[in-house]
Amino acid sequence: MSLSKLPWNHFGPHHPFPDKQKFTSFYRDSLVAPALLPPLGISLPAVFTPVSTMSNSTNMNALSPDEMERFQKLSNNYEPEIQGPLVSAKQSSHGIAMEYANADPTFITKTNALAITHPMTRIMKGDGNCGWRAVAFGYFETLFNLRDPVRVDRELRRFRSLNTLLDQVGQQRELYEIFVDATEELFTQTLTAIHNGDHDETYLVNAFNVEYDSTAVITHFRLLTSAWMKLNPHEYQAFLSLPIDQYCSSRIEPVRTEIDEVGLQALVSGVIQDAGLGVEILYLDRSEGDTVTPHQLSQNCPSGATIRLLYRPGHYDLLYQPEPPPVNMAPIVNYQYGMTSNYTPWDQGTLSFDVHPHLMSIPNLMADSTFGGMGAPMSPISSVSPAPTSPFRVSPTQDLYQSPMQSHAAVPPMPPVSSPPPVMPSAAPPPMTTLPSRSSDGPQIRLNPLVMKPNLSHSLPVTTPFKK
Amino acid sequence: MDYNMEDTQNSAPDALEASKLNSSAQRNDTQSVTKRLQSELMQLMLAPSPGISAFPDADGNLLSWTATITGPAETPYEGLILKLSFAFPNNYPYSPPTVLFKTPIYHPNVDFSGRICLDILKDKWSAVYNVQSVLLSLQSLLGEPNNASPLNAQAAELWDSNQEEFKRHVLARHKDLDDE
């Protein structure tokens with residue numbers, strides 16, 4: 001991008017220096033940025049106008065090419081003293097909107113919208129590690145917020161097992177040990193904080209602001225990413241202009257080298273994703289639209305377990321959606337149990353296990369997403385018959401209840417079915433009686449594994465409710 | 001919601017204060033740097049690489065080392081003993097050591113003060129490089145100079161045009177420091 005082609009009034013504070021993210025926090029930390037602009041090459045005219053006025057010249061042309069070159073070199077080499085913590089406390093995203101108050105209208109619209117959709121942010125120091133730091137911090141913060149010691153412990157073990165990746169690409173254990181130790185220390189602190197019932201993530205902010213140790217953690221994440229890429233070259237080589245080894249040694253492993261898009265994808269796929277956490281980037285740029293552009297880096301972005309990054313050219317920060325209303329996630333399932341348990345009795349005779357109320361109340365026991373949300377794990381069917389093979393105790397999703405009403409006429413009365421006709425419970429709801437007669441070209445619904453019998457095929461043909 | 005905001009705002013001063021507790025943090029850093037350098041020294045002694053060696057200076061300061069490289073065979077530096085100094089920063093290995101040739105050397109990527117132009121000692125430094133890998137890189141730089149960005153332009157030109165003359169310059173400039 002040529003600087004000279006950019007219209008002056010379109011400069012957002014972060015826009016002119018896409019590659020020099022070091023400047024971003026410099027701007028951010030001083031809302032008096034215009035007064036501090038002189039060291040930057042782009043503002044040379046503004047700086048030297050007073051000087052050249054004194055020498056009776058009115059513009060830049062008074063400077064000889066040599067002088068211009070000298071000043072350009074000075075400005076290129078200038079590194080501002082970057083202020084502020086490595087990881088800030090959570091703060092209002094309105095601050096971002098304020099920064100852009102005088103910028104391009106697109107930025108104003110987008111940052112104002114952002115302050116509503118993502119009211120809180122956390123600023124990363126722009127020292128070349130900000131993208132790495134944002135993901136690493138977001139990873140531990142999300143783990144802490146889930147408050148699940150078992151999960152943290154599992155993650156600790158998973159990270160230990162990742163050492164084999166480092167060994168496979170020839171990293172020396174004596175050298176990477178100190179980085180692994182620093183990461184494990186954070187897991188330990190996270191466990192302690194959960195056990196102590198820490199109210200917020202202050203311990204983590206403090207830990208990430210100890211530069212030596214947090215750089216070790218970031219280095220660990222860099223090395224894991226690099227190893228992951230080298231071991232899965234087919235996934236990344238096509239996106240790189242360099243051979244993958246060279247790319248890793250020049251763009252991933254060097255200290256204070258900012259993460260690029262390929263590296264970020266590799267970090268998410270190789271290190272973060274297996275934790276079951278999601279990662280989403282929200283791009284703030286001058287592209288069309290009224291809101292920042294979201295991009296999902298992981299397959300899923302579970303609510304409450306997703307790291308959200310704000311990307312402005314050359315810089316990453318963290319974003320937070322509004323806090324959910326103060327409802328604990330776990331009891332939602334318990335409520336359902338409470339509701340369904342009003343239907344008595346359970347068809348316990350057909351189940352191969354005890355319907356233990358505590359088992360039923362375990363959140364996420366039904367990992368199958370078919371049963372997520374509204375689906376009650378067991379349908380409340382009264383059991384008059386022994387129902388020896390009644391395998392159709394499918395979760396009564398909306399589909400199943402609606403299908404018979406809408407498709408009765410269109411379906412032949414009794415097409416041949418592969419599974420043995422079930423003994424029908426006398427009081428069973430309509431879907432149970434009609435299910436086996438559905439033609440086989442409907443969507444495949446997976447059965448609840450808890451009620452599945454060994455002799456039952458793994459999918460059950462049903463008719464889509466919207467089929468004519 | 002409001003409560004949450006209040007909490008995090010209250011936590012901010014703590015966070016800042018913690019980052020300013022430099023005295024204890026820095027002591028820890030020094031310990032970590034020392035530990036890392038001790039481990040590197042151990043490695044060099046247990047598994048020495050041919051043609052290179054390094055040891056901390058006698059002053060008991062683990063942050064400065066002296067190293068030697070033997071000029072590799074089939075290069076103009078064959079058989080020459082080259083001494084270097086290593087100065088490690090307080091945040092090693094997250095910043096590279098400052099490495100200088102103490103022995104006068106005629107080389108396209110080394111200036112007459114012994115300063116070296118090598119990317120891994122600058123912006124391509126990674127925390128998994130160490131004394132050993134730096135010395136091995138320098139050893140190979142002796143036989144394969146990077147003439148695209150020379151510190152000694154004459155040497156770069158001569159390397160490409162006249163190897164005989166280049167070697168004469170190398171030997172003329174070389175001076176053993178063994179008497180020190």
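Residue numbers start from 1 in every chain, and the chains themselves are labelled A, B, ... in the order their sequence lines are given, proteins ahead of strands.
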Measure B:D119 against the heavy atoms of chain A and call it side chain, backbone, both or neither at under 4.5 Å.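 Neither part, no heavy atoms under 4.5 Å.
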Quick one: what part of B:P93 sits under 4.5 Å from any heavy atom of chain A, side chain, backbone, both or neither? both
Measuring heavy-atom distances to chain B, does [X] have an atom under 4.5 Å in its side chain, in its backbone, in both, or in neither?
{"X": "A:Q171", "answer": "side chain"}
{"X": "A:E177", "answer": "neither"}
{"X": "A:Y203", "answer": "neither"}
{"X": "A:L223", "answer": "side chain"}
{"X": "A:T219", "answer": "side chain"}

Please determine, among A:A216, A:S249, A:S88, the option with the most heavy-atom pairs under 4.5 Å with chain B. A:A216
Any luck finding a side-chain donor-acceptor pair between B:T66 and B:S85 under 3.5 Å?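 Not at all, the side chains of B:T66 and B:S85 share no donor-acceptor pair under 3.5 Å.
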Is there a donor-acceptor pair closer than 3.5 Å between any side-chain N or O of A:H315 and the backbone N or O of A:M124?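 Side chain of A:H315 to backbone of A:M124: a pair is present.
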If only atom types and distance count, is the side chain of B:N109 paired as donor or acceptor with the main-chain N or O of B:N146 below 3.5 Å? yes
Approximate separation, where rounding is to 0.5 Å, of A:T306 OG1 and A:Y320 OH: 12.5 Å
Knowing that exactly one of A:F179, A:F187, A:F140 qualifies, which makes a ring pair (Phe, Tyr, Trp, His ring centres under 6.0 Å) with A:F159?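 The ring pair (Phe, Tyr, Trp, His ring centres under 6.0 Å) with A:F159 is passed solely by A:F187 among A:F179, A:F187, A:F140.
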Just say parallel, tilted or perpendicular for the rings of B:W159 and B:F166, cut-offs at 30° and 60°.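 Ring orientation, 0 to 90° scale: perpendicular.
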